[in-house]
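In what follows, a single structure is set out as structure tokens and then discussed.
Computed over heavy atoms, backbone and side chain alike; hydrogens, waters and symmetry mates excluded. Residue numbering restarts at 1 for every chain, and letters A, B, ... go by the order of the sequence lines. Since the structure is predicted, the reported quantities are computational estimates derived from the model, not experimental observations.
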2 protein chains.
Amino acid sequence: MATPPAETRERLLDAAELAFAQEGIQQASLRTITAAAQANLAAVNYHFGSKDGLIREVLQRLVGPINAERLQRVSDAEAKYADKIVPLEELLRHFLEPTLQMFASGRSHIPTLISRFHHETSPAVAETMAAVLEPVVGRFLQALMRSVPSLTIERALLRGQFMVGALLETLSLNPEVLKLMQPAGVDSLPRLNMLDELVTFCAAGFRHE
Amino acid sequence: MATPPAETRERLLDAAELAFAQEGIQQASLRTITAAAQANLAAVNYHFGSKDGLIREVLQRLVGPINAERLQRVSDAEAKYADKIVPLEELLRHFLEPTLQMFASGRSHIPTLISRFHHETSPAVAETMAAVLEPVVGRFLQALMRSVPSLTIERALLRGQFMVGALLETLSLNPEVLKLMQPAGVDSLPRLNMLDELVTFCAAGFRHE
DNA sequence: GACAAATTCAAACAGTCGTTTCATACTATC
DNA sequence: GATAGTATGAAACGACTGTTTGAATTTGTC
């Protein structure tokens, strides 16, 4: 009774999350994962059907809540500003912060894993990723063009890609570089700085011309 | 006599370049590569010692000339402006263009491969990459702080990372997104647009505050 | 406690991987 | 033309991969 059947599933997801981040999604073996989860090798195929099934589940469990929060924040902001426009900086913050919060989540491997998922080209990941991101991209694009009326749709799309690239590069940043950003000693502050830096950099880029 | 011993080496490098881009650096197998190069399976170990040796050689052959051109361009620009400062936009262009030129190189897989090398975390790639990039980063950082005097070293480093991220995201851009950027029909023009877009976006970000 | 469903387990399957071996072919130099 | 050095060839090695099997065990229900 202490361990309902769902527990093995979640131990597997946790172990896979860590192994994917440390070794790479394709490189991490089921034997490594199941050993870390203290589960049997066959458990992955039993619970998720295949390794791809496990990958998809890890991906959705990770980015699902992040994107849900993004959508919620945009809706709240648009409601708050009624029929006035949402300031660009605030809009960007609602897109970037849910991801950057992962730095302070206590699970320090998460930012790396998010970056890995974004750059993974295998069909299992790419298709799931596209499906999960599609509504968020659409929502933010139209909000963006309201916040910066001079923006054409092509430019909004392209600069959105630039912003995502800058964000992902931040997620996979070398810890040494990260150390540069904090007064030393504190460990949760630099992320806020990172968010501000990213917002001002991108906002300036979005507004140009 | 028609085929000196160096030819197999280069066929292997070419085949590896393509396979690494298409399938991933770790995922591409030596059997796939040697078959495409019409060489024997053992040829890789004979010419490069190991798969890691092949990877390192492909990496250096690819990014070596790019970074050499970057350094040359900065030197030329600084000579041209004598003791005056190099305009920020021009400086960024000297950093970005050598990479973006790969879109027009006729080898359409190269941008993807550059992106893969940047995000690869295996020691063989990460160490070689760091060694190759180090002089370029140092050179551009100090030039950057001359072009934008208000910039602190931490900000210059961080915003440099943002720019690299935006560049890499552009390199791995979905062809569908790329199609949005051109009037249709032409195939070499959109890259120039991409360069201009990237330069203005980043220049605005670098200058802010 | 008996029954049925869900879960775990050890073991093996078939396949792929990078690497090595050693024999064969080529290519220069004398 | 024999010889040394370079390159290619077919084949096998051992180690790993994801997946499957079928029996053993645990779990929830009556």
Atom-to-atom span, [atom1] of [X] to [atom2] of [N] - whole angstrom:
X       : N      : atom1 : atom2 : result
B:His47 : C:dT19 : NE2   : P     : 15 Å
B:Tyr46 : D:dG5  : OH    : P     : 12 Å
B:Glu7  : D:dT6  : CD    : C1'   : 16 Å
A:Leu12 : C:dC9  : CG    : C1'   : 14 Å
B:Lys51 : C:dC17 : NZ    : C1'   : 8 Å

For residues 20-31 of chain B, which residues have at least one heavy atom under 4.0 Å from DNA chain D?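 Heavy-atom cutoff 4.0 Å gives B:Arg31.
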Which of residues 33-45 of chain A have a heavy atom under 4.0 Å from DNA chain D?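 Contacts with DNA chain D under 4.0 Å: A:Leu41, A:Ala42, A:Asn45.
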Once side-chain contact (heavy atoms from CB on, under 4.5 Å) is applied, do any residues pair with [X], and if so which ones, sequence neighbours excluded?
X       : value
A:Ser29 : A:Arg31, A:Thr32
B:Asp52 : B:Ser50, B:Ile55, B:Arg56, B:Ala124
A:Ala28 : A:Ala19, A:Phe20, A:Glu23, A:Ile33

Set of residues satisfying ring pair (Phe, Tyr, Trp, His ring centres under 6.0 Å) with respect to A:Phe201, sequence neighbours excluded: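 Counting only residues at least two positions away or on another chain, A:Phe201 forms a ring pair (Phe, Tyr, Trp, His ring centres under 6.0 Å) with B:Phe162, B:Phe206.
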Would you call A:Arg11 and A:Glu7 a salt bridge, using N to O less than 4.0 angstrom?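 Looking at A:Glu7 together with A:Arg11, the answer is yes, because their closest N to O distance falls below 4.0 Å.
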Does D:dT8 have its OP1 or OP2 closer than 4.0 Å to a side-chain nitrogen or oxygen of B:Thr8?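 For B:Thr8, the contact criterion (side-chain N or O under 4.0 Å from OP1 or OP2 of D:dT8) is met.
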Would you mind listing every salt bridge (Lys or Arg N to Asp or Glu O under 4.0 Å) that reaches into residues 98-124 of chain B, with sequence neighbours excluded?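 Salt bridge (Lys or Arg N to Asp or Glu O under 4.0 Å) check on residues 98-124 of chain B returns B:Glu17-B:Arg107.
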Per the side chain to side chain donor-acceptor pair (under 3.5 Å) rule, what does the pair list look like for residues 123-144 of chain B, sequence neighbours excluded?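 Of all non-adjacent pairs touching residues 123-144 of chain B, those that pass side chain to side chain donor-acceptor pair (under 3.5 Å) are B:Ser75-B:Arg139, B:Glu78-B:Arg139.
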Can you list every pair that meets ring pair (Phe, Tyr, Trp, His ring centres under 6.0 Å) and has a residue in residues 107-148 of chain B, with sequence neighbours left out?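 For residues 107-148 of chain B, and leaving out neighbouring residues, the ring pair (Phe, Tyr, Trp, His ring centres under 6.0 Å) pairs sorted by first residue read A:His119-B:His119, B:Phe95-B:Phe140.
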